[in-house]
Each structure stands twice: as C-alpha cells, then as structure tokens.
Asker: 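Input: one structure, supplied below.
So that the names make sense, note that chain A is the first sequence line, chain B the second, and so on, each numbered from 1.
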Protein chains: 2
Amino acid sequence: MPDLLIGPDPGDPRLVERVAGQDENGEAVEISVPTERPLTLYLNGQEVVTMMTIGDYPEYLALGFLLNQNMLKPGDAVTAVDYDAEIETVVVRTAGCTDFEEKLRKKTQTSGCAQGTVFGDLMERFDQVTLPAEARLTVSQLLALLKAINTTPSLYLEAGAIHGCVLAQGAQPLIYMEDVGRHNAVDKIAGYMFRHGIGGGDAVFYTTGRLTSEMVVKTVQMGIPILVSRSGFTAWGVQLARKAGLTLIGRAKGKRFIVLSGAERLVRD
Amino acid sequence: MPDLLIGPDPGDPRLVERVAGQDENGEAVEISVPTERPLTLYLNGQEVVTMMTIGDYPEYLALGFLLNQNMLKPGDAVTAVDYDAEIETVVVRTAGCTDFEEKLRKKTQTSGCAQGTVFGDLMERFDQVTLPAEARLTVSQLLALLKAINTTPSLYLEAGAIHGCVLAQGAQPLIYMEDVGRHNAVDKIAGYMFRHGIGGGDAVFYTTGRLTSEMVVKTVQMGIPILVSRSGFTAWGVQLARKAGLTLIGRAKGKRFIVLSGAERLVRD
C-alpha cells in the first residue's frame with residue numbers, strides 16, 4: 001500500500017450514497033454512487049464560479065481552481081479560506097485586491113463576461129514556463145506507479161463514475177484526489193501543493209481524464225514535467241505538450257502506453 | 001447501418017490528426033487523435049464563453065449551448081448564426097435583446113460574474129418541465145440501439161478520446177454528435193433539434209458521459225423522457241431524475257444495464 005500524504009476516503013458517508021434500482025433482468029439491485037453538490041467560490045468579495053464537486057477538500061479545490069485559472073498568483077498572500085458547508089460556499093481571502101478582481105472589474109465595464117479574459121491569461125502564463133529537462137522516469141517506475149494507483153482504496157473502486165488525479169514521485173503516489181469533475185481533482189492537487197509548499201519539478205502527474213489542451217496547460221503551469229493518463233489524446237493537447245517540452249504519456253493501462261512528447265525523460269530499463 | 005439525419009464524419013481531415021510517437025517497447029507508432037480548437041461564442045454583442053471543441057457543426061453547438069444554458073429561450077427569434085473559422089468565433093443574432101443579456105448587464109453592475117445567475121436560471125426552468133408519462137422503450141429496443149450506436153462509423157472508432165451523444169427513436173439513432181467536450185455533443189443535438197423543429201417527447205437520449213446533475217438537467221430541459229449512458233451515475237443526477245420523472249438508465253454495455261429512475265417506461269419484453 002503506498003504511503004500517501006493525502007488521499008480519498010471511501011469510508012466517508014458524505015461522499016458515497018447507496019441507491020436502489022433494477023438490473024437488465026428486472027431484478028432489484030442496490031449500487032454505490034458518488035455524491036455531487038454545488039460549491040460557489042468567492043475570491044474576496046467577488047463571486048467567481050459555481051462548481052459541481054463531490055465535496056471533499058473544498059479549501060484545496062478553491063485554492064487550486066484560482067491558481068490554475070491564474071486568478072490567484074503563486075505570490076499572492078492568502079489570509080484565509082473559509083468554507084461554509086451549510087450555504088455551500090468557499091471564500092478565499094487575500095491580503096490585497098488580486099489582479100483578477102481588477103481585470104474583471106475593467107472587463108465588465110467594457111464588453112462583458114470574464115471567460116475570454118481568463119482564457120487569454122491562461123495561455124500567457126503557459127508560454128513563460130520552463131520545465132526541468134533533467135527529470136527522469138523509468139518504464140519500471142511508470143508501470144509500478146500505474147499498479148499502485150489502481151490498488152489504492154478509492155471512491156472509484158467503491159462507486160465508479162469519478163475521475164482521479166495523482167501527484168507522484170517515481171513509482172510512489174503522494175497526493176491522490178478524486179472528483180466527479182476531472183478538473184476539480186487536478187485543482188485539489190494544485191491547492192494542496194500551494195498550501196504545503198510542494199513543487200512540481202521532480203514529480204509525475206497522473207490523471208484518469210483525457211490529455212486535452214486544458215489538462216496539458218494546467219500541468220505545465222503547475223511546473224510538472226511528466227503527465228500520464230490512462231485515456232487518450234487530443235491533437236491540441238499533443239501540440240501544446242511538444243511546445244512546452246512536457247513528457248506526455250497516454251493510453252497507459254497495465255503494461256501498455258504511448259508517449260507522444262518528451263520521450264527523452266522516459267528511461268527504457 | 002442506421003439511417004441518420006446527421007452524424008459524425010470520420011473522413012473529415014479537419015477532425016482527426018495523425019501523430020507520431022513511441023509505444024511501451026520504444027517502437028515508433030502513429031495514431032489518430034481528435035482535434036480540439038477554441039471557439040468563442042457571442043450572443044449579439046455579448047461575449048459569452050470560449051469553448052474547446054472538435055470544430056464540426058459550430059452553428060448547432062452555439063445554438064444548443066445558449067438554449068441549454070437558458071440564455072436563449074425556445075421562443076426567441078434567431079435571425080442569424082455567423083461562424084467565422086479564421087477568427088474562431090460564432091455569433092448568434094436574435095431579433096431583440098435577450099433576457100440573458102439583460103440579466104448579465106444587471107448582474108455585472110452589482111456583484112460580478114454571470115456564472116451564478118446562469119446556474120440559478122437552469123434550475124428554475126428544470127422545475128417547470130413535465131415529461132410525457134406515456135413514452136415507452138422496450139428492452140429489445142434498448143439493446144438494439146446500443147448495438148446500432150457502437151457499429152455506426154464515428155470519430156470514436158477512428159481516434160478515441162471523444163464523447164458521443166445520440167438522439168434516437170426506439171432502436172433507431174437519428175442524430176449522432178461527437179465532441180472532445182461531452183457537453184458540446186449534447187449542445188449540438190439541442191441546436192439541431194431547435195433549428196429543425198424536432199421535439200423530444202418520444203425520444204431516447206444516449207450519452208457516453210456520466211449521468212451527472214448537468215446531464216439530467218439538460219435532458220429534462222430538452223423535454224426528452226429517457227436518458228441512457230454507458231457510464232455510471234452521480235447521486236444528485238439520480239435525485240434530479242427522480243424529481244423530474246426522467247427514466248435514467250446507466251452502465252448500459254452489451255446486454256447489461258441498471259435503471260435507477262422511471263423504470264415504468266421500460267417494457268420488459
């Protein structure tokens with residue numbers, strides 16, 4: 001069993017519900033399904049988004065979302081993260097007004113919604129990141145990591161219908177987060193890394209989700225040089241990975257995988 | 001081969017790219033991957049969102065997104081949908097100013113982003129829908145439909161890493177849309193139904209994606225009484241389906257499935 005810093009808690013009754021129905025033969029069945037609830041995120045006085053989440057680790061989710069959307073900068077001083085389960089809100093407070101609030105204020109005075117601004121900002125920061133060239137992962141480590149992830153007790157094993165993300169060092173999973181939204185799982189890891197001062201330079205990031213542009217951009221922004229998924233690729237995900245020099249490994253299941261970018265970090269042992 | 005009104009075009013070179021890499025043995029491989037590109041949506045003069053999409057049927061995607069987000073009402077008169085491939089934008093024009101633009105204007109003058117408003121609006125309309133109680137689907141039809149979908153030529157069969165949605169009548173697929181974002185595939189179907197005056201009252205909706213709250217809300221808003229997925233459920237998805245009287249069938253693969261809501265529409269033949 002890997003020695004995780006933090007991971008899913010499949011025994012938490014708030015995260016999984018039992019529901020009754022019928023199977024294909026009309027027989028009564030009862031199955032476990034993950035919960036899903038809204039969580040509205042505020043940055044200081046500014047409402048940012050309502051997310052659908054399984055509901056564990058809301059503080060890490062909030063911080064990670066703001067970081068990965070570039071609404072919060074790694075240097076911003078976070079003074080408090082206040083989660084209120086009853087009204088389903090989480091408020092991230094910073095010492096000063098953030099760049100995002102300022103941009104949103106300007107944007108809404110001119111031509112509307114903040115979505116476009118946010119997207120533009122994302123790509124701006126992406127272009128500035130240099131990933132460590134010297135990071136290495138052996139094929140044996142990769143296969144051992146895949147096995148360790150699949151045998152860790154998880155909400156996926158308990159209830160299915162959930163995405164998982166893992167930050168690992170070599171074959172060792174360190175942070176394992178799950179959520180009904182795959183980007184929430186990524187964001188929770190980013191939030192944990194920020195809160196505990198963990199860098200991504202020698203890490204491997206694993207996701208059950210596809211290797212889309214958004215997943216590649218987030219991994220690069222987190223400074224992580226190697227991204228692995230059991231799912232497939234999109235063309236733009238591959239292009240962005242090659243541009244950033246990210247090692248991109250997909251369709252990783254059992255002993256099989258395909259590497260489409262940064263193969264020099266993968267050591268064939 | 002089913003007789004589709006509209007479906008994927010796996011032969012379209014804009015939708016699939018060939019990329020080269022290495023497999024687990026270090027051998028050179030070339031695989032097909034779906035494309036992914038940004039598309040910025042405007043409603044009249046208002047920028048709404050930038051979506052990541054495979055890029056086919058942008059007009060249907062635009063209309064369906066606005067409808068499913070309640071930014072456009074079924075009664076709104078759409079005067080034009082202008083797609084510009086070069087600058088990756090699509091503009092939906094209506095005869096008058098829409099309710100959404102009015103709400104967004106008010107909202108941005110008070111406390112910020114439109115996301116919260118949009119979410120509240122979604123649930124408001126959900127509560128008003130009554131799904132037809134008399135709709136029926138036999139188990140034979142369901143199994144034949146699953147087989148028809150899996151054997152239809154698709155981008156999924158060509159390149160993987162893509163979600164698909166199908167509007168069907170009994171065992172017959174009618175509209176088959178795919179996209180790298182699963183909600184885009186749903187929205188394209190909603191847009192096609194709107195443009196061609198197709199109602200959902202006697203239809204079945206199939207998705208490869210999970211049966212989350214958002215998928216259930218969209219299906220109910222489209223007036224479709226039966227929702228089927230090869231993936232699993234979330235607890236809130238099940239709750240909302242039961243509240244709306246939606247027939248909810250998940251984990252549907254081969255000859256197996258589980259129904260968790262509205263089993264009375266499913267005829268055991």
Asker: Under the rule for salt bridge (Lys or Arg N to Asp or Glu O under 4.0 Å), what residues qualify as partners of Asp9(B), not counting sequence neighbours?
Answerer: none
Asker: Give, as side chain, backbone, both or neither, the part of Val238(B) having an atom under 4.5 angstrom from any heavy atom of chain A.
Answerer: side chain
Asker: Please give me the minimum heavy-atom distance between Gly26(A) and Arg268(B), naming the atom from each residue.
Answerer: N-NH1, 3.0 Å
Asker: Heavy atoms under 4.5 Å from chain B: which residues of residues 29-36 of chain A carry them?
Answerer: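 Interface residues of residues 29-36 of chain A: Val29(A), Ile31(A), Ser32(A), Val33(A), Pro34(A), Thr35(A), Glu36(A).
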Asker: Taking side chain as everything from C-beta outward and backbone as N, CA, C, O, which of these in Glu27(B) sits under 4.5 Å from a heavy atom of chain A? Side chain, backbone, both or neither.
Answerer: neither
Asker: Taking salt bridge (charged side-chain N to carboxylate O under 4.0 Å, His left out) as the cut-off, I'd like each qualifying pair that reaches into residues 226-246 of chain A, sequence neighbours left out, listed once.
Answerer: Asp127(A)-Lys243(A)
Asker: Please determine, among Ser213(B), Gly232(B), Gly160(B), the option with the most heavy-atom pairs under 4.5 Å with chain A.
Answerer: Ser213(B)
Asker: Throw together a table of side-chain donor-acceptor distances under 3.5 angstrom for residues 246-258 of chain A, partners on residues two or more places apart or in other chains.
Answerer:
from: Thr247(A); atom 1: OG1; to: Gly262(A); atom 2: O; distance (Å): 2.8
from: Thr247(A); atom 1: OG1; to: Arg265(A); atom 2: NH1; distance (Å): 2.9
from: Arg256(A); atom 1: NE; to: Glu24(B); atom 2: OE2; distance (Å): 3.4

Asker: Under 4.5 Å from any heavy atom of chain B, what part of Glu17(A) do you find: side chain, backbone, both or neither?
Answerer: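 Just the side chain, heavy atoms under 4.5 Å.
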Asker: Rounded to the nearest 0.5 Å, what separates atom CZ in Arg210(A) from atom NE2 in His163(B)?
Answerer: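 Here the interatomic distance stands at 4.5 Å.
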Asker: Measuring heavy-atom distances to chain A, does Ser231(B) have an atom under 4.5 Å in its side chain, in its backbone, in both, or in neither?
Answerer: neither
Asker: With a 4.5 angstrom heavy-atom cut-off, which part of Thr212(B) approaches chain A: side chain, backbone, both or neither?
Answerer: both
Asker: For residues Phe233(A) and Ala161(B), report the shortest heavy-atom separation together with the two atoms involved.
Answerer: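 Scanning both residues completely, I find the closest heavy atoms to be O-CB, 3.4 Å.
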